[in-house]
Amino acid sequence: RHEIGETREPSLRRALPALVSRFPQSRIERWIRALKDALADLNDWGRIRYFLQERDLAGLALLLAWRPGFYPYLLPELEPAFFDLWCHRDWQGLETARQQALSRLRQTAAQVEALLPEDPEAIPPELAQTLDDYFIKPLGL
């Protein structure tokens, strides 16, 4: 489900390859890859939506228990929504959190795309600092 979500996610089509090639093995690369992965899991084809549709509490718990790297910072809505689901068995709250996170991260992706020049070869080195200041540092990192 993650891979299907990744291939169908329209966000970051231009930004992901451009930033990975311009800033390899950097904090920017790790963040942009994590953003793409989070979008893949959240969208209508991804793992989280699938677990919600199937009412797969164990699968969802495992996914949320193992959130590597940037995931806890990119998806803060999910943990409290999961605990609410655990206590009250109200799946709608987690679906609402999924949709909110998806909308927020797609806005972030659109902002990143807007910062890129038309020519990916013309990405200035100072863009790394801009991305870090506007997107990564506000996460508390």
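When reading the values below, keep in mind they use all heavy atoms of this one structure, side chains included, and skip hydrogens, waters and symmetry mates.
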Item to check | Salt-bridge criterion met for R22 and E29 (N-O under 4.0 Å) | outcome: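 No, no charged N to carboxylate O under 4.0 Å.
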Item to check | Pairing of E9 and R106 as salt bridge, 4.0 angstrom limit | outcome: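 Yes, E9 and R106 are salt-bridged.
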Checklist entry - Are L62 and L78 connected in a single hydrophobic cluster, I mean Ile/Leu/Val/Met/Phe/Trp/Tyr linked by side-chain heavy atoms less than 4.5 Å apart? => result no
Checklist entry - Between I123 and F23, is a side chain to side chain contact (heavy atoms under 4.5 Å, CB included) present by the stated rule, with each step listed? => result CA-CA 10 Å; I123 294 175; F23 304 111; 4.0 Å; yes
Next on the checklist: According to salt bridge (charged side-chain N to carboxylate O under 4.0 Å, His left out), does anything in residues 124-141 pair up with another residue at least two apart or in another chain? List the pairs.
Outcome noted: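 Counting only pairs at least two positions apart or across chains, the salt bridge (charged side-chain N to carboxylate O under 4.0 Å, His left out) contacts touching residues 124-141 are R27-D132, D132-K137, D133-K137.
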Item to check | Residue pair R98, D44: steps toward the salt bridge (Lys or Arg N to Asp or Glu O under 4.0 Å) verdict | outcome: CA-CA 10 Å; R98 181 192 74 84; D44 290 343; 3.3 Å; yes
Test item: [X] and [Y] side chains (from C-beta on) under 4.5 Å apart, heavy atoms:
X: L35; Y: F135; result: no
X: I28; Y: L127; result: no
X: W45; Y: R49; result: no
X: L16; Y: R33; result: yes
X: Y134; Y: V112; result: no

Next on the checklist: Quick check for you: to the nearest 0.5 Å, what is the distance between F82 atom CZ and I48 atom CD1?
Outcome noted: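 Those atoms lie 11.5 Å apart.
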Item to check | Interatomic distance, L74 atom CG to L42 atom CG [nearest 0.5 angstrom] | outcome: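 Result: 9.5 Å between the selected atoms.
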Item to check | Residue among Q99, Q100, R104 satisfying side chain to side chain donor-acceptor pair (under 3.5 Å) with E77 | outcome: R104
Next on the checklist: Exactly one of R47, R1, K36 should register a side chain to side chain donor-acceptor pair (under 3.5 Å) with D41. Which one does?
Outcome noted: R47
Checklist entry - For D56, what residues pass the side-chain contact (heavy atoms from CB on, under 4.5 Å) criterion, not counting sequence neighbours? => result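 By the side-chain contact (heavy atoms from CB on, under 4.5 Å) rule, D56 matches F51, E54, A58.
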Next on the checklist: So for atom OH, which belongs to Y50, do other residues, nucleotides or ligands contribute more than 12 heavy atoms lying within a distance under 6.0 Å?
Outcome noted: no
